[in-house]
Amino acid sequence: MSEEKKTREKILDVKNLDITFETTAGKVHAIRGVNIDLYQGETVAIVGESGSGKSVTMRAAMGILAKNAVVNSGEIIYRYRDNVGGIDYNPENDASAQWKEADILKMDKKWIRKHINGRRIAMVFQDPMTSLDPTMTIGKQIMEGMIWHYKIDKKDAYDRAVNLLKEVGIEDAEKRMKQYPHQLSGGMRQRVVIAIALSCNPDLLICDEPTTALDVNIQAKILELIKKVQKERDIAVIYITHDLGVVAKVADYVNVMYAGKIVEVGNINEIFYEPKHPYTWGLLSAMPDLGTDDDRLYTIPGSPPNLLHEKEGDAFAPRNAYALEIDDKLEPPMFQISETHWAATWLLDPRAPKVEMPKELKARIERMKKEAQANDSKL
Amino acid sequence: MTANYNAEPLLEVKGLKQYFPISKTYTVKAVDDVSFKVYPGETYGLVGESGSGKSTIGRSIIRLYDPTEGTINFCGMDISGKMSKDVKEKLRIQMQMIFQDPMASLNPRKKIKDIIGEALDVHKFYNSKEERDHRVEAILEKVGLAKEHADRYPHQFSGGQRQRVGIARALILNPKLVIADECISALDVSIQAQVVNLMKDIQAELGTAYLFIAHDLSMVKYISDRIGVLHLGHLLETGTTDEIFSNPIHPYTKSLLSAIPIPNPELEKNREAINYDYKTSGIDYTKGTEHLVDGSHYVKCTDEEFAAWTK
C-alpha cells in the first residue's frame, strides 16, 4: 500500500479541526483537534460511538455544518483539478490539468455548492427514505444534479440516469425512472442514493452509516456495490460507521474516534491485529465473536462522555481500566508506532509501565490470524 | 444455562397465522403457519430480515393482535382465542415486553419510578406507598441504576440507561416470559454488550425466559439457547444456536450467515455473501413441511429439497 501511496495525490487534508456547538445548555466541544488525510482511490473508515464527532467532521468537510457550529481553529484543505471539459472530462487523461487547493472552511456557501457538494464530494446517508424526496420521481432526482452542475440537456441526463441505475444493479431501469421512492424497497432506495451520488463523477464519496438501516444480506450487497464502483471509477471513499465488521470488509485505513478526537489511526491490519489504544481494545472485544462459545461479552464500562462538560486530561480515562495517573491531568499526544500507525495513549510513553492488551482479545486476534491463514492456504 | 428442557414448555405456538386484510382481494400474510416452543428459563432468538414477521409474532403472542389462526399456549393456558378475565389478568402479569426505542416507549412526562411502578398500580401489587417505592428501588438496583434515578425523567438518561429502565419495567412483576423486540438495535456497540450481559445476569438469577427478536445474528448467537430463522412469514429453520451456526441446512439460513461481516480483515477481504433470491430459488415455502435434522434441529421444506440439502 505504501509504495502505491507515493504516486497518488492527497485530495483531502483535515488539519487540527476544532469545532464547538452553541446550544441552549452551553457550549458543546464536539471536535477537539482532528487530523485526517486521504489519498485518491483510498478507503478510510472513521469508527466511533454516537456523539464521538465522526459525522460532524465529515459535515464540516462538505461545508454543511449546522448554523450553531463555531469553528475555533483548523483547516480542511481539499485538493482538486479544475473540470474544464464537462461531465465526461477525466483529468487523469489531461496532462495540462493543474492541482488546485481550497480551504473549505474559508469558502463561502455558494462556491462550495457549485464546486464541491455533489460534484466533487458526494454523500450517501444512513436512511434512504429521508435523503430521497418523496414527491419526486427517481429519475428526476438522479438527473437533477447533472443538469444543475454540468448544464447538460434533459435527454442526455435521462440516458445517463438509466445507465447509472443499471450500474448500481437495478433491473427495469427505465420503469424505475418513473417511480417514486416509496415504491422501492430499502435496499433499492439505497442503490438509488448511490446512483445519485455517482451521477456527477465525484472524486470522493462519503458514506455516513450507509447500511445501518438495512438487513445483513442487503448490507453485504450494498457494500459490494460500493466497492465495485469505487474500483471502476477509482474514487476515494470515507466510511463513517460503528460496525467493525463493515470496516474489516471495506477499509484500507481506520481512524478510531472518541469524544471528538482521533485516538488511534492505522492501516486495517494494524488496527485489527495490533491495536494499541485501550478504547480500540474495548471496541474490538465488545464485538460479538462468532468463533467462540464465551458466555459473556466484554463491555466498556460507563457511557460516552457528555461533551458539554469538558474534563481535564484524557477523555477516555474514566472508562479506561488501564488509565494512569497522568491521564487525569494531561491529554496524551499521538505516539507513533509505525509509518502509518499512531495512537493517543500514555501507555505508549517510554516511562509508562508496560501494559499488554487483555488476554482474551489477544487470544481472539491469534485465532483470527490463524483462520485467515487457513483460509489463504485454501484459496 | 438456566433452561429447563424437561419441564413443560412455557410457551407453545402451534400453526400461528396472522393475516392483515388490506382490501377485498388482497391480504398480507405476515405470519404463515409458524410453530415453536419456549421452555422455562430459556432464550429463544427469532431472526429474520425486516418484513419477515418476527415482530408480528411477538405482538400476536402478547395479544396486541388477534391471531387469525393457530393456538398459543402459555403457562398451561390457551391465550389464542377469547380470553376469560382471569386468563387475561395472568397473561398481563406473566408476559412482558421490552421495545426497540426506549425514548419512544417511555412516557416523557412521567418520572422513572412511576413508569416502572405503573404495573404495580394496575395490578395492585402493594399495600403501602413505602412498599411500592421499595420494590421500584430494588428493581432499579438490579438493572444497574441507582435509587436516586427514581425521581428523574426519561430525557435525563442516556440511551443505554433508558433501555435499562425499559428492562426494569418489564421485570417488576417478575414475569415468566419477556418478549424483547429489537431491544438493543438502537444502542451503541459497547452499550449493546452491557445490556446483553445484564439480560443474561437477570436470567441466571430469576430464571426468566426471553423471546429475543432481532436482526443482528451475531448478538442473537450470544444470548440465545435456541434460534428460529424467519423469512416472509415462514419459520424456515429452528434449532439450538450451535446447530444453526455450525450446520445450517436451508439456503436462506446459509445466505444469512454468510452475510454477517466478520471483524477479521484478512478473512473478510475474500469473503463474499451467498446470494439468495426467493423468486428464483425455486423453493415454495407454502409446500414445505417440518423435517427433523437431528436433536432439536428442524427445517421446513419438501421431501425432495430435504434430501438434496442434507446430502
Q: Could you check which of A:Ala251, A:Gly186, A:Ala286, A:Ser50 has the highest count of heavy-atom pairs closer than 4.5 Å to chain B?
A: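 Between A:Ala251, A:Gly186, A:Ala286, A:Ser50, the count favours A:Ser50.
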Q) Taking every heavy-atom pair that is under 4.5 Å apart, which of A:Pro304, A:Gly302, A:Gly51 has the most such pairs with chain B? A)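 Top count of heavy-atom pairs under 4.5 Å with chain B: A:Gly302.
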(Q) Given heavy-atom pairs under 4.5 angstrom as the criterion, report whether the side chain, backbone, both or neither of B:Glu272 touches chain A. (A)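 Interface part for B:Glu272: both.
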Q) Between B:Asn275 and chain A, which part of the residue has a heavy atom less than 4.5 Å away: side chain, backbone, both or neither? A)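 The answer is the side chain of B:Asn275.
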Q) Out of curiosity, B:Leu257 CG to A:Asn217 CG, how far, rounded to the nearest 0.5 Å? A)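 The CG atom of A:Asn217 is 10.5 Å from CG of B:Leu257, to the nearest 0.5 Å.
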Q: Output the distance between atom NZ (A:Lys369) and atom CG (B:Leu267), rounded to the nearest 0.5 Å.
A: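 Answer rounded to 0.5 Å: 14.5 Å.
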Q.
Please list all pairs meeting side-chain hydrogen bond (donor to acceptor under 3.5 Å, both in side chains) that have one or both residues in residues 265-278 of chain A, counting only residues at least two apart or in different chains.
A.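 Pairs touching residues 265-278 of chain A that pass the test: A:Asn269-B:Glu266, A:Glu270-A:Ser338, A:Glu270-A:Thr340, A:Tyr273-B:Asn264.
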Q: Tell me, please, which residues at least two apart from B:Phe157 pass ring-ring contact (aromatic ring centres under 6.0 Å, His included).
A: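 For B:Phe157, the residues satisfying ring-ring contact (aromatic ring centres under 6.0 Å, His included) (neighbours in sequence not counted) are B:His149.
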Q: Report the residues that fulfil ring-ring contact (aromatic ring centres under 6.0 Å, His included) with B:His215, sequence neighbours left out, ordered by chain and then residue number.
A: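 B:His215 satisfies ring-ring contact (aromatic ring centres under 6.0 Å, His included) with no other residue.
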Q: Side chain from CB out, backbone as N, CA, C, O: work out which of these in A:Pro301 comes under 4.5 Å of a heavy atom of chain B, or both, or neither.
A: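 Looking at A:Pro301, just its backbone touches chain B.
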For the student: nearest non-hydrogen atoms of [X] and [Y], plus distance:
X: A:Ala248; Y: B:Ile262; answer: CB-O, 3.5 Å
X: A:Tyr298; Y: B:Ala193; answer: O-CB, 3.6 Å
X: B:Pro263; Y: A:Met368; answer: O-SD, 3.3 Å

Q.
If we ignore hydrogens and angles and just use 3.5 Å, is the side chain of B:Gln194 paired with the main-chain N or O of A:Ile300 as donor and acceptor?
A.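 Yes; judged by distance alone, with no hydrogens or angles, the pair exists.
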(Q) Can you confirm whether more than 12 heavy atoms, excluding those of A:Glu232, are under 6.0 Å from its CD atom? (A)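 Yes, the 6.0 Å shell around CD holds more than 12 heavy atoms from other groups.
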Q. NZ of A:Lys311: more than 12 outside heavy atoms within 6.0 angstrom?
A.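 Enclosed: over 12 neighbouring heavy atoms sit under 6.0 Å from NZ of A:Lys311.
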Q | Toward chain B: residues of residues 219-228 of chain A with heavy atoms under 4.5 Å | A |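 Against chain B, the residues of residues 219-228 of chain A that fall inside the cut-off (heavy atoms, under 4.5 Å) are A:Gln219, A:Ala220, A:Lys221, A:Glu224, A:Lys227.
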